[in-house]
A.B. asks: 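There's a structure below that I have some questions on.
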4 protein chains.
Amino acid sequence: MNIHSSLMIEVKIMDTPGKRDDIIRVALELFAENGFHGTPVAMIAKKAGVGAGTIYRYFENKDVLINELFADLERKFMVAIEDGYNPNKPIRERFIHIAATILKYSISHPLYFRYIEQYQNSPYGVSFRRDKLLGKSDDHDLLRELFNEGVAQQVLKDLPLPVLFALAFGPLIAIARDHILGFSILNDTLILKFVEACWGGIKR
Amino acid sequence: MNIHSSLMIEVKIMDTPGKRDDIIRVALELFAENGFHGTPVAMIAKKAGVGAGTIYRYFENKDVLINELFADLERKFMVAIEDGYNPNKPIRERFIHIAATILKYSISHPLYFRYIEQYQNSPYGVSFRRDKLLGKSDDHDLLRELFNEGVAQQVLKDLPLPVLFALAFGPLIAIARDHILGFSILNDTLILKFVEACWGGIKR
Amino acid sequence: MNIHSSLMIEVKIMDTPGKRDDIIRVALELFAENGFHGTPVAMIAKKAGVGAGTIYRYFENKDVLINELFADLERKFMVAIEDGYNPNKPIRERFIHIAATILKYSISHPLYFRYIEQYQNSPYGVSFRRDKLLGKSDDHDLLRELFNEGVAQQVLKDLPLPVLFALAFGPLIAIARDHILGFSILNDTLILKFVEACWGGIKR
Amino acid sequence: MNIHSSLMIEVKIMDTPGKRDDIIRVALELFAENGFHGTPVAMIAKKAGVGAGTIYRYFENKDVLINELFADLERKFMVAIEDGYNPNKPIRERFIHIAATILKYSISHPLYFRYIEQYQNSPYGVSFRRDKLLGKSDDHDLLRELFNEGVAQQVLKDLPLPVLFALAFGPLIAIARDHILGFSILNDTLILKFVEACWGGIKR
DNA sequence: CATGAATGAGACTTCATTCAT
DNA sequence: GATGAATGAAGTCTCATTCAT
């Protein structure tokens with residue numbers, strides 16, 4: 001019985017995270033493709049190969065799933081951005097790194113991108129965004145630091161942070177969306193040019 | 001009797017379209033605030049002071065209402081842009097006019113802006129956008145002409161049109177959203193500076 | 001003004017009965033084709049070229065329209081049957097006349113037939129039928145007389161009236177329906193044969 | 001615990017199909033009595049003691065329920081007819097068996113009969129009937145064989161099949177309806193006489 | 001009288017969530 | 001823990017009927 005129990009525990013340890021991940025992965029795909037309201041919980045359950053009730057063991061309800069999934073994706077973006085980021089490099093280089101990473105990562109993970117866009121333009125996202133931007137958050141701290149530094153060193157235009165953000169990342173979001181929807185096609189050269197153009201928009 | 005008759009005609013002329021407009025106005029407001037799925041038809045009817053069935057006299061179904069409302073808003077943007085637009089002015093000036101108009105109009109009509117954003121990031125909007133961008137449309141023709149001309153005259157960077165669009169309007173959308181959500185505050189000076197920065201992003 | 005008024009009155013006199021007939025005719029057609037519940041009042045109004053409200057000037061409500069229409073059709077059948085009916089002819093000849101008339105009339109007025117069938121197999125028809133058959137009615141009096149006479153004269157089988165009715169008219173209804181739905185095709189020879197066979201079913 | 005387990009299994013086996021059957025049974029009753037349009041899904045659910053949504057687990061929509069119910073009833077009629085049918089007996093005897101069975105079964109299952117009649121005279125039934133009669137179907141094959149054989153052996157009149165069908169079964173349907181609606185009362189003797197009379201209508 | 005826009009009760013259906021197994 | 005059948009609140013839409021014009 002001891003053996004049996006420990007076995008079950010092991011099974012749980014190994015199996016449970018797998019199940020949660022299955023749900024997350026499938027939910028991401030379906031939400032990104034069909035929208036939040038076009039994706040019943042039962043559809044996620046079926047495609048994830050779990051019972052509908054199981055989803056409620058991992059997420060209190062559908063809204064929580066949607067919100068946690070968004071948090072997951074943000075975290076993934078942060079990891080991508082921080083990978084290879086060197087705070088000792090010049091402002092320009094650091095910006096190029098961040099911007100290029102965001103664009104490349106968005107393009108190579110179209111589901112992530114579409115999910116985030118959808119989320120941010122839904123009632124879910126707005127309140128979240130409000131909480132977030134007014135408070136603190138890691139990724140923005142990184143960016144905020146970079147931009148504050150840039151302004152202080154007179155490398156960047158002397159504009160409010162949100163304005164600089166808009167100038168720098170607005171085009172990025174726009175072109176990523178176009179690419180993902182197939183309205184334009186980016187390659188590495190174009191990406192680099194594009195990012196440099198973004199830099200042009202904020203540098204003094 | 002003449003007077004009475006003409007009065008009756010006036011009442012008809014003023015009243016019937018009034019009902020359709022009430023619905024449109026209320027629907028815009030509620031959709032922009034609560035999202036498409038957060039706004040039951042019954043809620044629109046109640047707030048518009050009409051019976052639920054009445055909405056279906058003017059719009060075949062909820063989706064049609066959503067789509068027509070979007071078309072309405074696009075038309076309004078177009079009207080705003082075309083007002084004061086002079087095709088004989090230099091490229092730069094024309095661009096500044098368009099960009100400033102879009103930004104000002106978005107800011108002074110936050111419901112319009114939020115509705116459009118929401119629409120374009122929903123299953124409704126994606127297919128529509130696809131049809132639209134690949135085909136022809138008045139507003140884009142205007143912009144397309146302007147940008148093509150700019151590229152030909154070597155006033156603008158030699159980049160694909162969608163890339164120029166992204167560089168020029170991506171920041172605009174971003175800052176408008178921020179302003180509307182209260183994350184940053186724009187004034188006329190800032191708007192002008194901002195628009196000039198956008199120009200900086202695309203001019204050669 | 002006198003002239004004007006009398007004109008209007010004339011118009012009314014000529015127009016009003018026409019309007020009622022239009023409604024009746026269109027309602028018959030639509031009900032027969034789409035069923036009672038597949039035919040909104042508004043559809044009848046539109047096809048009849050009248051306002052929806054007008055129908056309610058001639059018929060208290062939809063149910064009344066349906067019932068009156070049925071009564072109309074029954075009357076028409078009676079007229080057809082009585083035309084050429086000679087109570088002095090032998091039983092057999094009289095029956096042949098009636099049966100052949102019913103069959104021919106049904107076939108040449110498929111809408112009438114389908115309406116009646118539909119009516120009799122709906123909640124409308126059942127209660128009506130109950131009222132009717134238990135009471136008296138012209139057409140059945142004619143038939144009842146004929147059949148009673150036939151039984152009394154020992155020309156017909158000695159069976160209860162409803163049984164004789166079923167034997168005599170059951171096949172008629174069945175073949176008429178088949179013909180109208182296109183499952184079998186009758187010509188005058190076949191009709192005569194058929195009616196004779198029906199006679200064979202009840203004659204002693 | 002063994003006993004308990006087996007009990008639980010039994011409950012499942014007995015209960016789940018029980019729910020579908022409850023729905024079918026109640027739906028039959030209500031449709032037969034009130035008509036298809038006089039019977040909201042909610043009414044069926046309530047009387048069957050299930051939630052409204054449950055009906056949609058078993059039947060895609062109301063129409064499917066209506067159609068499947070009809071198919072069910074047809075199957076039941078076929079089973080009744082085939083029970084005791086002996087293809088080696090003479091034509092006459094076989095016909096008498098079939099006709100008597102149909103009549104008796106109709107009379108003892110008035111709800112089945114009324115449901116079928118209603119169905120066949122509704123938009124549901126007409127298209128179905130068309131598909132059916134023009135194609136092949138078990139019960140009609142049985143009858144078709146019998147009648148073809150009868151015609152070939154010169155036992156039956158030399159008439160098209162639909163005509164023979166009408167002569168043979170038209171009276172049956174008519175008298176069954178009368179009986180069920182209480183307009184005439186059949187007993188076993190009368191049934192036999194009646195069926196023999198039907199035979200008289202088709203035999204040479 | 002005629003009209004048809006307006007109404008709202010009520011029908012069908014979906015789906016987030018629960019809970020017995 | 002896992003399951004998925006069951007639930008019923010809530011949403012979309014239709015249509016018989018009314019009534020101001």
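Hydrogens, waters and symmetry mates play no part in the numbers below; they use all other heavy atoms, side chains included. Just so it is clear: chains get the letters A, B, ... in the order the sequence lines come, proteins before strands, and each one is counted from 1.
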A.B. asks: Judged by each residue's nearest nucleotide on DNA chain F, which is more toward the 5′ side, His37(C) or Gly53(A)?
C.D. replies: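 With Gly53(A) and His37(C) compared, the 5'-side residue is Gly53(A).
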A.B. asks: Of the listed nucleotides (dA2(F), dA6(E), dC15(E)), which one gets closest to any side-chain atom of Thr54(B)?
C.D. replies: dA6(E)
A.B. asks: By nearest heavy atom, map Ala52(B) and Val41(D) onto DNA chain E; which one lands nearer the 5' end?
C.D. replies: Ala52(B)
A.B. asks: Can you tell me how far P of dT3(E) sits from CD1 of Ile55(C), to the nearest Å?
C.D. replies: 10 Å
A.B. asks: Starting at the 5' end of DNA chain F and moving along, which residue's nearest nucleotide shows up first, Asn61(B) or Gly49(A)?
C.D. replies: Gly49(A)
A.B. asks: Between P on dC15(F) and CG on Leu65(C), what's the gap in Å once rounded to a whole number?
C.D. replies: 16 Å
A.B. asks: Output, in order, the C-alpha distance, side-chain angles, deciding distance and verdict of salt bridge (charged side-chain N to carboxylate O under 4.0 Å, His left out) for Lys47(B) and Glu29(B).
C.D. replies: CA-CA 10 Å; Lys47(B) 192 161 185 188; Glu29(B) 190 182 329; 2.8 Å; yes
A.B. asks: Any strand counts, and the cut-off is 3.5 Å on both contacts for Watson-Crick or G-U wobble. Which nucleotide pairs with dT3(E)?
C.D. replies: dA20(F)
A.B. asks: What is the separation between atom CZ on Arg20(A) and atom C1' on dA2(F), rounded to the nearest whole Å?
C.D. replies: 17 Å
A.B. asks: Take atom CD1 of Ile66(C) and atom P of dC15(F), then tell me their distance rounded to the nearest Å.
C.D. replies: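 Atom-to-atom, Ile66(C) to dC15(F), this comes out as 14 Å.
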A.B. asks: Could you label the plane-to-plane angle of the Tyr119(C) and Tyr124(C) rings as parallel, tilted or perpendicular, counting under 30° as parallel and over 60° as perpendicular?
C.D. replies: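 Tyr119(C) vs Tyr124(C) ring planes: parallel.
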A.B. asks: Please check if the number of heavy atoms outside Lys76(C) that lie under 6.0 Å from its NZ is greater than 12.
C.D. replies: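 Enclosed: over 12 neighbouring heavy atoms sit under 6.0 Å from NZ of Lys76(C).
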A.B. asks: With DNA chain E as reference, determine whether Val50(C) or Tyr56(D) sits nearer its 5' end, using the nearest nucleotide of each.
C.D. replies: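 Its nearest nucleotide lies further toward 5', so the answer is Val50(C).
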A.B. asks: To the side chain of Tyr58(C), which of dT7(E), dA11(E), dA2(E) is closest?
C.D. replies: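 Closest nucleotide among those given: dA2(E).
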A.B. asks: Among dT13(E), dA2(E), dT3(F), which nucleotide has an atom closest to any side-chain atom of Lys62(D)?
C.D. replies: dT13(E)
A.B. asks: So, do Phe70(B) and Tyr115(B) have ring centers that fall under 6.0 Å from each other?
C.D. replies: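 Centroid separation for Phe70(B) and Tyr115(B): 6.0 Å or greater.
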A.B. asks: Measure from NZ on Lys19(D) to C1' on dT7(F) and round the result to the nearest Å.
C.D. replies: 9 Å
A.B. asks: Could you tell me how far apart Met43(C) (CE) and dG4(E) (P) are, to the nearest whole angstrom?
C.D. replies: 17 Å
A.B. asks: Determine which nucleotide pairs with dG11(F), using a 3.5 Å limit on both distances of a Watson-Crick or G-U wobble pair.
C.D. replies: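 With both distances under 3.5 Å, dG11(F) matches dC12(E).
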A.B. asks: Answer yes or no: is there a donor N or O on one side and an acceptor on the other, between the side chain of Thr39(D) and the main chain of Asn34(D), under 3.5 Å?
C.D. replies: no
A.B. asks: Roughly, in whole Å, what's the span from NZ in Lys46(C) to P in dT3(E)?
C.D. replies: 15 Å
A.B. asks: Nearest whole angstrom, please: distance from the C1' of dA20(F) to the CZ of Arg57(C).
C.D. replies: 14 Å
